[in-house]
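Step one of this worksheet: look at the structure below.
Numbers here are sequence positions counted from 1.
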Amino acid sequence: MGWYKSLILHPLVNRFNILFVMGWAIACWSTTSPWPFWIGLIAEGLYFGARLALEFSGRPLWQLRFLKKDSRERYFKLIERFRQIKRDFANVDALRPLLEGQIRHIKKMTGVFLELLILRSRIDSYVTGIRENYDQKIAEIKEKMPRAEGRIREILEQNLKIYEQRRAKYFEVMGNRAVIEARLDTIENTLNLLGDYAMGMAAPGEAHDQVELLVSNIRDAENFVSEIKTVVPQSSSIRVRVKA
């Protein structure tokens with residue numbers, strides 16, 4: 001998993017890229033042939049071109065570095081658990097056919113899980129940026145209204161309606177976040193239960209039910225992701241990396 005994490009989490013210019021440039025410079029300096037220069041230039045151009053294409057693609061995997069450390073580690077832990085379950089099922093003759101028939105659907109689970117983490121991160125960024133106590137604002141306006149007259153009272157009434165609407169939307173957003181967190185837990189728990197069945201030498205029928213349950217949860221989560229992405233603003237593909 002080490003190289004996999006490094007490839008995804010390293011920024012465009014990283015220590016490996018710097019080491020390559022240093023080696024390239026030494027190779028060019030130590031010979032009069034123009035080939036090291038052109039080969040290095042082509043290699044560096046291909047590297048930057050490929051990385052920029054991936055960055056601007058907006059693919060969920062290349063947004064992973066923008067998540068906080070605990071979310072990233074949660075994702076990598078899920079991938080490792082998935083791979084372990086594949087190995088466990090492959091080593092049990094009675095269980096091997098159950099996973100082979102649904103492995104494509106189960107593999108999609110890691111992508112759905114990552115998209116849910118990204119959506120939760122977007123909501124957390126929104127909530128962090130608000131920094132307003134709606135209940136306090138509403139209470140202050142209601143306290144001023146009995147003493148207000150004319151145009152001032154009209155403005156206070158407008159502000160009161162806006163704050164009440166914003167409070168309602170805030171609770172709606174937090175409700176979406178709670179659903180996302182519940183779905184993340186469901187995917188993790190169902191996958192872990194599937195692994196427990198493999199290690200516990202479960203009967204094929206019982207394991208089959210868990211495989212079907214996991215696939216059902218994945219499909220349900222996919223539909224949820226498609227729906228909520230229409231109401232949660234999506235981040236741009238190039239952003240400042242979130243610190244752990």
Side-chain angles (χ1 to χ4, degrees), residues 1-12 14-16 50-51 53-89 99 102-128 173-174 176-199 210-211 213-229 232-244:
M1 288 289 288
W3 70 268
Y4 182 69
K5 290 183 181 180
S6 297
L7 176 66
I8 296 172
L9 298 181
H10 279 153
L12 184 63
N14 52 65
R15 60 178 179 270
F16 297 111
R51 284 300 299 265
L54 289 168
E55 296 285 353
F56 281 104
S57 69
R59 294 171 64 88
L61 190 61
W62 292 93
Q63 296 183 47
L64 182 63
R65 70 170 60 83
F66 307 135
L67 299 180
K68 292 184 178 179
K69 184 178 179 180
D70 58 339
S71 294
R72 299 197 302 266
E73 291 303 318
R74 190 175 180 183
Y75 170 72
F76 286 124
K77 184 178 179 181
L78 187 83
I79 289 181
E80 186 58 38
R81 184 62 168 152
F82 166 66
R83 291 175 176 172
Q84 182 62 51
I85 289 173
K86 281 179 60 180
R87 292 191 292 267
D88 292 340
F89 268 68
L99 204 63
Q102 299 287 5
I103 195 66
R104 180 173 61 86
H105 296 292
I106 298 176
K107 189 175 182 180
K108 292 171 65 177
M109 169 202 58
T110 57
V112 173
F113 192 83
L114 178 55
E115 287 199 80
L116 288 170
L117 287 173
I118 292 171
L119 288 171
R120 189 187 65 173
S121 174
R122 293 291 302 135
I123 291 176
D124 289 344
S125 298
Y126 161 76
V127 172
T128 302
V173 169
M174 294 307 295
N176 287 334
R177 189 193 188 283
V179 174
I180 289 173
E181 187 60 44
R183 289 187 177 278
L184 288 169
D185 289 339
T186 299
I187 291 176
E188 285 176 322
N189 288 334
T190 309
L191 185 65
N192 286 332
L193 180 58
L194 187 61
D196 295 340
Y197 271 91
M199 294 301 297
Q210 296 309 314
V211 171
L213 176 60
L214 181 59
V215 172
S216 176
N217 286 335
I218 294 167
R219 288 170 176 163
D220 192 34
E222 282 184 303
N223 293 333
F224 172 75
V225 168
S226 298
E227 293 173 2
I228 199 170
K229 283 173 74 174
V232 175
Q234 302 303 296
S235 59
S236 60
S237 53
I238 298 292
R239 291 193 289 136
V240 176
R241 182 174 177 177
V242 176
K243 294 183 179 180

Separation between CG of Leu67 and CG of Leu114, rounded to the nearest 0.5 Å: 6.5 Å
Gap separating the OG1 atom of Thr110 from the CZ atom of Phe82, nearest 0.5 angstrom: 6.5 Å
Partner residues of Thr186 under the side-chain contact (heavy atoms from CB on, under 4.5 Å) criterion, sequence neighbours left out: Thr190, Asn217
Set of residues satisfying side-chain contact (heavy atoms from CB on, under 4.5 Å) with respect to Val173, sequence neighbours excluded: Ile123, Tyr126
Distance in Å, Gln84 CD paired with Ile79 CD1, rounded so as to fall on 0.5 Å steps: 14.5 Å
Residues in salt bridge (Lys or Arg N to Asp or Glu O under 4.0 Å) contact with Arg81, at least two apart in sequence or another chain: Asp196
Carboxylate-amine/guanidinium proximity below 4.0 Å for Glu115 and Arg122: no
Separation of Ile85 CD1 from Asn192 CG (nearest 0.5 Å): 6.5 Å
Heavy-atom pair with the smallest gap, counting every atom of Asn176 and Phe224: O-CZ, 4.4 Å
Partner residues of Asp220 under the side chain to side chain donor-acceptor pair (under 3.5 Å) criterion, sequence neighbours left out: Arg183
Trace of the side-chain contact (heavy atoms from CB on, under 4.5 Å) decision for Asp124 with Arg177: CA-CA 8 Å; Asp124 289 344; Arg177 189 193 188 283; 2.6 Å; yes
Atom pair CD1 (Ile180) and OG (Ser121), whose distance is rounded to the nearest 0.5 Å: 10.5 Å
For Glu181, all residues meeting salt bridge (Lys or Arg N to Asp or Glu O under 4.0 Å), sequence neighbours excluded: Arg74, Arg120
Separation of Leu116 CG from Phe113 CZ (nearest 0.5 Å): 8.0 Å
